[in-house]
S.K.: 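This is the structure I want to talk about, given as structure tokens.
Order of the sequence lines fixes the chain letters, A, B, ..., with proteins taken first and strands second; residue numbering starts at 1 for each chain.
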Amino acid sequence: MNNLLKVNIKTMTKHSSYESTLSKNKIVTRFAPSPTGFLHIGGARTALFNWLLARHYNGKFLLRIEDTDRVRSTQEAVDAIFNGLKWLGITWDEEPVFQFSRAKHHVELAKKLVENGKAYYCYCTPEELEAMREKAKAQGISPKYNGMWRERDPKTAPADIKPVIRLKVPLDGETTLHDIVQGTVTVANSQIDDMILVRSDGTPTFMLSVVVDDHDMGVTHVIRGDDHLTNTFRQIQIYNAFGWEIPKYGHIPLIHGPDGAKLSKRHGALGVEAYRDMGFLPEAVCNCLLRLGWSHGNDEIISIEQAIEWFTTDNLGKSAARLDFQKMEKLNSYYIKNAENERLLNIIMETNKDISEEKKHRILLGMNGLKQRAKTIIELRNMATIYTEDYVTTKIDEMNKEILKDIDIALRILPEWTEEAIDKCLHTVAEKKGLSFGKIAQPLRTVLSNRKITPGIFEMLFAFGRDESLKRLSIALNF
RNA sequence: GUCCCCUUCGUCUAGUGGCCUAGGACAUCGCCCUCUCACGGCGACAACAGGGAUUCGAAUUCCCUAGGGGACGCCA
């Protein structure tokens with residue numbers, strides 16, 4: 001399959017060698033969302049795959065906003081898409097194309113098709129079409145437009161009805177798609193109806209606009225969801241009508257929810273910003289998405305750099321996958337563990353802007369211990385409150401007080417305040433008292449943090465610093 | 001209803017006719033490490049949807065069945 005791809009690139013180069021050097025040798029992919037909602041996880045994966053393919057082959061990754069549905073398209077959604085992609089680290093080349101701005105051009109081309117006899121005006125009303133579909137279903141045949149205006153003289157058209165433009169799809173024969181992912185798929189042309197290219201209000205349909213834009217943008221490879229597979233057969237008819245070269249298609253399976261059904265809002269069809277808010281790092285989301293339907297042997301942890309190096313369409317899977325939050329959390333905890341402390345601090349601070357510099361510093365000093373224990377940024381943030389919350393002490397019994405007194409003395413005269421030194425010091429205290437380390441660690445933990453579960457006590461003492469640590473000890477001893 | 005696609009441990013997957021008594025990861029369970037909680041280490045459990053065919057040999061090729069999914073808009 002990889003070879004196939006390479007051969008095709010060569011072929012394309014041969015054909016387009018007279019064209020600008022820009023497009024020479026280059027794969028051009030695109031991501032073309034409609035701005036009617038957030039960038040959901042499935043779309044993000046589609047974007048990721050197209051982006052990876054372009055970056056792997058040193059090609060171009062373009063962004064096109066399919067905003068031809070004027071009612072449902074919103075600026076908020078456009079922003080959500082841009083921001084979501086940016087957050088994931090998916091960068092696009094060239095200015096994004098807004099499809100609606102090209103509508104006039106799309107319609108002009110459709111009219112040319114009518115002139116060439118490749119398309120025609122249809123005067124059916126939506127009601128008539130509905131009746132047609134009902135009838136077809138009742139007869140057990142494919143519910144499609146019956147082509148009644150295909151050869152009919154437009155002069156017989158009702159004057160009060162504004163027509164649509166429909167494509168004249170071949171009535172017999174078949175259309176074969178050599179899909180990068182699905183392999184060879186063949187559909188009888190009789191299954192494909194004369195789709196509408198231009199609506200009665202004079203606006204182009206998705207089907208037309210996609211084809212024209214992909215062609216004009218020089219798109220060579222389209223990776224998209226499985227749900228577009230049947231659309232592809234229709235779009236191929238449009239390419240053929242124009243006489244244009246058809247791009248390579250790869251239809252990746254859809255992502256399903258934990259129950260195996262279509263992904264819904266309830267279980268994960270959220271915007272990528274929702275994953276950010278749930279405390280996921282973008283590289284963890286990317287890694288998880290990447291492994292959903294793509295693999296590289298037994299590799300699980302794959303950096304973006306490795307992904308770019310390894311990504312080809314060879315290893316794309318054909319079956320639908322479910323989103324596994326636990327696996328995503330595991331991946332996330334890995335990336336948190338390996339993230340820079342300063343970066344983690346900055347992420348935590350995004351929602352805690354009023355924290356003092358001193359406390360921030362404490363968090364930073366304690367970050368190594370904190371990040372070891374967090375599966376999400378939210379957990380990390382919660383754990384970090386150990387270093388920011390106001391100190392509260394509780395009563396301790398006399399036996400533990402004795403232990404803490406010795407600790408206090410030992411720490412007070414400790415020459416250097418490092419985790420190693422503290423470690424040694426506390427172990428010495430335990431030895432002298434003939435106690436297991438746990439016996440001294442637990443009361444100390446309580447006194448320092450008033451919690452049962454914390455990072456290691458050396459880390460905590462180090463992060464709090466000598467002054468604060470001793471202060472807490474003395475408060476507890478005098479309580 | 002019509003057309004199309006998919007089917008390996010609970011989940012994500014490796015596997016392209018012999019290397020498979022099917023490998024890895026997450027989850028689960030056990031042990032080790034250990035100052036709590038985690039991390040980490042070691043181990044266990046666990047799958048080729050079913051049936052035919054081709055072949056010396058099939059998870060891998062072909063056919064059928066079953067199950068799942070998708071598409072059938074003047075939405076994208």
S.K.: Of the residues in residues 230-240 of chain A, which ones touch RNA chain B at a heavy-atom distance under 4.0 Å?
M.R.: A:T230, A:N231
S.K.: Would you give me the side-chain donor-acceptor pairs under 3.5 Å for residues 430-444 of chain A, sequence neighbours excluded?
M.R.:
{"unit_1": "A:K433", "atom_1": "NZ", "unit_2": "A:D406", "atom_2": "OD2", "d": "3.1"}
{"unit_1": "A:Q442", "atom_1": "OE1", "unit_2": "A:R445", "atom_2": "NE", "d": "2.7"}
{"unit_1": "A:Q442", "atom_1": "OE1", "unit_2": "A:R445", "atom_2": "NH2", "d": "3.4"}

S.K.: From CZ of A:F280 over to C1' of B:rC26, roughly how many Å is that when rounded to an integer?
M.R.: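 After rounding, the gap between these two atoms is 13 Å.
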S.K.: Could you tell me which residues satisfy salt bridge (charged side-chain N to carboxylate O under 4.0 Å, His left out) with A:E468, sequence neighbours excluded, listed by chain and number?
M.R.: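 Only A:R362, A:K471, A:R472 meet the salt bridge (charged side-chain N to carboxylate O under 4.0 Å, His left out) criterion with A:E468.
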S.K.: Determine the interatomic distance between C1' on B:rU36 and the same-named atom on B:rG43; round to the nearest Å.
M.R.: 25 Å
S.K.: When the P atoms of B:rC45 and B:rG10 are compared, how many Å lie between them, rounded to an integer?
M.R.: 14 Å
S.K.: For the pair made of CG in A:D213 and P in B:rA76, what is the distance, rounded to whole Å?
M.R.: 13 Å
S.K.: Determine whether the aromatic ring centres of residues A:F82 and A:W92 are separated by less than 6.0 angstrom.
M.R.: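 Judged by ring-centre distance (under 6.0 Å), A:W92 and A:F82 do meet the cut-off.
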S.K.: At under 4.0 Å, does any side-chain N or O of A:K318 touch on OP1 or OP2 of B:rG68?
M.R.: no
S.K.: Could you tell me if A:H106 and A:D213 have a donor-acceptor pair between their side chains, going purely by distance under 3.5 Å?
M.R.: yes
S.K.: So which one's nearest nucleotide on RNA chain B is more toward 5', A:T184 or A:L292?
M.R.: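 Going by which nucleotide is closer to the 5' end, it is A:T184.
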S.K.: Whole angstroms only, please: what is the CZ-C1' distance between A:F206 and B:rA71?
M.R.: 12 Å
S.K.: Toward the 5' end of RNA chain B, which comes first, A:A374 or A:P163, by nearest nucleotide?
M.R.: A:A374
S.K.: Show each protein N/O and nucleotides 47-50 of chain B N/O combination with a separation under 3.5 Å, one pair to a line.
M.R.:
none

S.K.: Return the value, rounded to whole Å, for the distance between atom CG of A:D193 and atom C1' of B:rU2.
M.R.: 12 Å
S.K.: Within residues 442-455 of chain A, find the residues that approach RNA chain B with a heavy atom at under 4.0 Å, and present them sorted by residue number.
M.R.: A:Q442, A:R445, A:K452, A:I453, A:T454, A:P455
S.K.: In whole angstrom, what separates A:D226's CG from B:rG68's P?
M.R.: 17 Å
S.K.: My understanding is that a pair needs two contacts under 3.5 Å, Watson-Crick or G-U wobble. By that rule, which nucleotide pairs with B:rA66?
M.R.: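 When the pairing criteria are applied, B:rU7 turns out to be the nucleotide that pairs with B:rA66.
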S.K.: Is there a residue in residues 61-69 of chain A whose heavy atoms reach under 4.0 Å of RNA chain B, and which residues are they?
M.R.: A:E66, A:T68, A:D69
S.K.: Tell me: CD of A:E379 to C1' of B:rA38, nearest whole Å?
M.R.: 10 Å
S.K.: Need the pair for B:rC35. Rule: Watson-Crick or G-U wobble, both distances under 3.5 Å, any strand; none if unpaired.
M.R.: none
S.K.: Taking only Lys NZ, Arg NE, NH1 and NH2, and the carboxylate oxygens of Asp or Glu, determine whether A:K405 and A:E402 approach each other closer than 4.0 Å.
M.R.: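 Yes, charged N to carboxylate O under 4.0 Å.
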S.K.: Return the set of residues passing salt bridge (charged side-chain N to carboxylate O under 4.0 Å, His left out) with A:K330 (not counting sequence neighbours), or none when no residue passes.
M.R.: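 With sequence neighbours excluded, A:K330 shows a salt bridge (charged side-chain N to carboxylate O under 4.0 Å, His left out) to no residue whatsoever.
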S.K.: Going by the angle between their ring planes, with limits at 30° and 60°, are A:Y387 and A:F464 parallel, tilted or perpendicular?
M.R.: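 Perpendicular, since the angle between the ring planes exceeds 60°.
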S.K.: For the pair A:H215 (side chain) and A:V211 (backbone), establish whether a donor and an acceptor sit closer than 3.5 Å, ignoring hydrogens and angles.
M.R.: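 Pair absent, no side-chain N/O of A:H215 close to backbone of A:V211.
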S.K.: What does A:S319 touch in the nucleic acid at a heavy-atom separation under 4.0 angstrom: a base, only the sugar-phosphate, or nothing?
M.R.: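 If one applies the 4.0 Å heavy-atom cut-off, A:S319 turns out to touch the sugar-phosphate alone, with no base involved.
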S.K.: Holding to salt bridge (charged side-chain N to carboxylate O under 4.0 Å, His left out), I want the full list of residues that pass it with A:K112, two or more places apart in sequence or in another chain.
M.R.: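 For A:K112, no residue satisfies salt bridge (charged side-chain N to carboxylate O under 4.0 Å, His left out) once neighbours in sequence are set aside.
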S.K.: Can you measure from CG (A:L53) to CD1 (A:I180) and round to the nearest 0.5 angstrom?
M.R.: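 A:L53 CG to A:I180 CD1: 7.0 Å, rounded to 0.5 Å.
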S.K.: How would you list, by chain and number, every residue that makes a side-chain contact (heavy atoms from CB on, under 4.5 Å) with A:T232, sequence neighbours excluded?
M.R.: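 Once residues adjacent in sequence are excluded, the partners of A:T232 under the side-chain contact (heavy atoms from CB on, under 4.5 Å) criterion are A:L177, A:R224, A:I236, A:Y249, A:H251.
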S.K.: Can a side chain N or O of A:R133 be found less than 4.0 Å away from OP1 or OP2 on B:rC72?
M.R.: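 Checking B:rC72 against A:R133, no side-chain N or O comes under 4.0 Å of OP1 or OP2.
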S.K.: Whole-Å distance between B:rC26 P and A:R291 CZ?
M.R.: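 Answer to the nearest Å: 12 Å.
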S.K.: Heavy atoms under 4.0 Å, any strand shown: does A:G293 hit a base, just sugar-phosphate, or nothing?
M.R.: sugar-phosphate
S.K.: Name the nucleic acid region contacted by A:Q191, choosing base, sugar-phosphate or nothing; use a 4.0 angstrom heavy-atom cut-off, strictly under.
M.R.: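 It contacts sugar-phosphate atoms only.
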S.K.: Would you mind pulling out the nucleotide paired to B:rG1, Watson-Crick or G-U wobble, both distances under 3.5 Å?
M.R.: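 B:rG1 is paired with B:rC72.
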S.K.: Name the orientation of the base relative to the sugar in B:rC35: syn if the glycosidic angle is within 90° of 0, else anti.
M.R.: anti
S.K.: Name the pairs: protein N/O against N/O of nucleotides 18-23 of chain B, kept only if under 3.5 Å.
M.R.:
{"unit_1": "B:rG23", "atom_1": "N2", "unit_2": "A:N298", "atom_2": "OD1", "d": "2.6"}

S.K.: Which residues satisfy the side-chain contact (heavy atoms from CB on, under 4.5 Å) test with A:A241, sequence neighbours excluded?
M.R.: A:L113, A:K118, A:L167
S.K.: Of all the heavy-atom pairs spanning A:V164 and A:S200, show the shortest one and how long it is.
M.R.: CG1-N, 3.4 Å
S.K.: To the nearest 0.5 Å, tell me how far A:C122 SG sits from A:Y145 OH.
M.R.: 3.0 Å
S.K.: Quick one: look up who B:rC29 pairs with, Watson-Crick or G-U, both distances under 3.5 Å, and put none if it's unpaired.
M.R.: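 B:rC29 is paired, partner B:rG43.
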S.K.: Between A:R291 and A:E300, does at least one N-O distance fall below 4.0 Å, as a salt bridge requires?
M.R.: yes
S.K.: Identify, with sequence neighbours excluded, every residue that meets ring pair (Phe, Tyr, Trp, His ring centres under 6.0 Å) alongside A:F311.
M.R.: A:F49, A:W294
S.K.: What integer distance in Å separates A:K371:NZ from B:rC39:C1'?
M.R.: 13 Å
S.K.: Do the rings of A:H296 and A:W310 sit parallel, tilted or perpendicular, given the 30° and 60° boundaries?
M.R.: parallel
S.K.: By the 4.0 Å heavy-atom rule, please label A:H228 as base, sugar-phosphate, or nothing.
M.R.: base
S.K.: So, applying salt bridge (Lys or Arg N to Asp or Glu O under 4.0 Å) with A:D194, which one of A:K144, A:R150, A:R166 is it?
M.R.: A:R150
